[in-house]
Amino acid sequence: DCLLSRGLGDVYKRQLQNRVVVRDLRRSLEQAGAQIAKSRTALQQASPRAMQTLQPPYAQVEEGLQKFLAEVDRDMFEASPMVLQPGQFVQQVQALQENVSVLRQAVYEQFIANIGDYQAKARRDMLHTTLIFAVLTLLALYLLLCLNASIRRSTAGIIQAAEGLRDGDLRVRMQVHGADDLAAISTALNTAVAQLRDSMQGVGREGQSLDETCLLYTSDAADEEDS
């Protein structure tokens, strides 16, 4: 009887130890399940398109985990004595590991696909930015050429008018384009040339009047000598 009692005590003690170990394992699996559910929710909010592919493996893992926990509770904690067999327990753990491996592989493949999509989008954005930069560069170059042509045209008119003034031609007139500094210089030179031309014409008229006066005095002097 003493040996039988001692043997039953040892069996009961091992069952308690096994239950403690399984209870800790169950708690860890519950926490892992909560983390899986949280990751599924976050992924659903961040990328619904990717979640369409990952929904089946996520559901398989969650269903397998719930089934495993329910069987452990039934066969390990609710049954007395416990009826959970080691071989059955190992098979359930292996099935759960296979489901987790499938989910891990699916997440990895989806991650690689997302990287490819991001790279393609980055290349498209880079090409778009490069094209915009090239168009803006060509536009700036065109504006620079137009500005250079306008400056050359204005300076050419000013140089031509200055050469005409040097040769004594007061009929020159510079073309005024726009409202920049060169246009203001051209307008000022046109005004100066016009005033100089008016002054020269006034001098010419005064000279002509003086010539007529001299001729009149000469004629009067000649008439007095004759008389």
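Quantities reported herein were computed from a predicted structural model and do not represent experimental measurements.
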Problem set entry | Distance-only donor-acceptor check, side chains Glu62 and Gln66, under 3.5 Å | no

Hphob cluster co-occupancy, [X] + [Y], side-chain heavy atoms under 4.5 angstrom:
X	Y	value
Val61	Leu54	yes
Leu96	Val107	no
Leu43	Leu103	yes

Distance in Å, [X] [atom1] paired with [Y] [atom2], rounded so as to fall on 0.5 Å steps:
X	Y	atom1	atom2	value
Gln92	Leu69	CD	CG	10.0 Å
Thr129	Arg124	OG1	CZ	12.5 Å
Arg40	Gln45	CZ	CD	11.0 Å
Arg27	Leu29	CZ	CG	11.0 Å
Asn99	Ile36	CG	CD1	10.0 Å
Leu144	Thr137	CG	OG1	12.0 Å

For this session: Quick one: closest heavy-atom pair of Pro57 and Val102, and the distance?
Result: CB-CG1, 4.4 Å

Exercise. Is Lys121 salt-bridged to Asp125, cutoff N-O under 4.0 Å?
Worked result: yes

Exercise. Is the shortest heavy-atom distance from the side chain of Asp117 to the side chain of Asn114 under 4.5 Å?
Worked result: yes

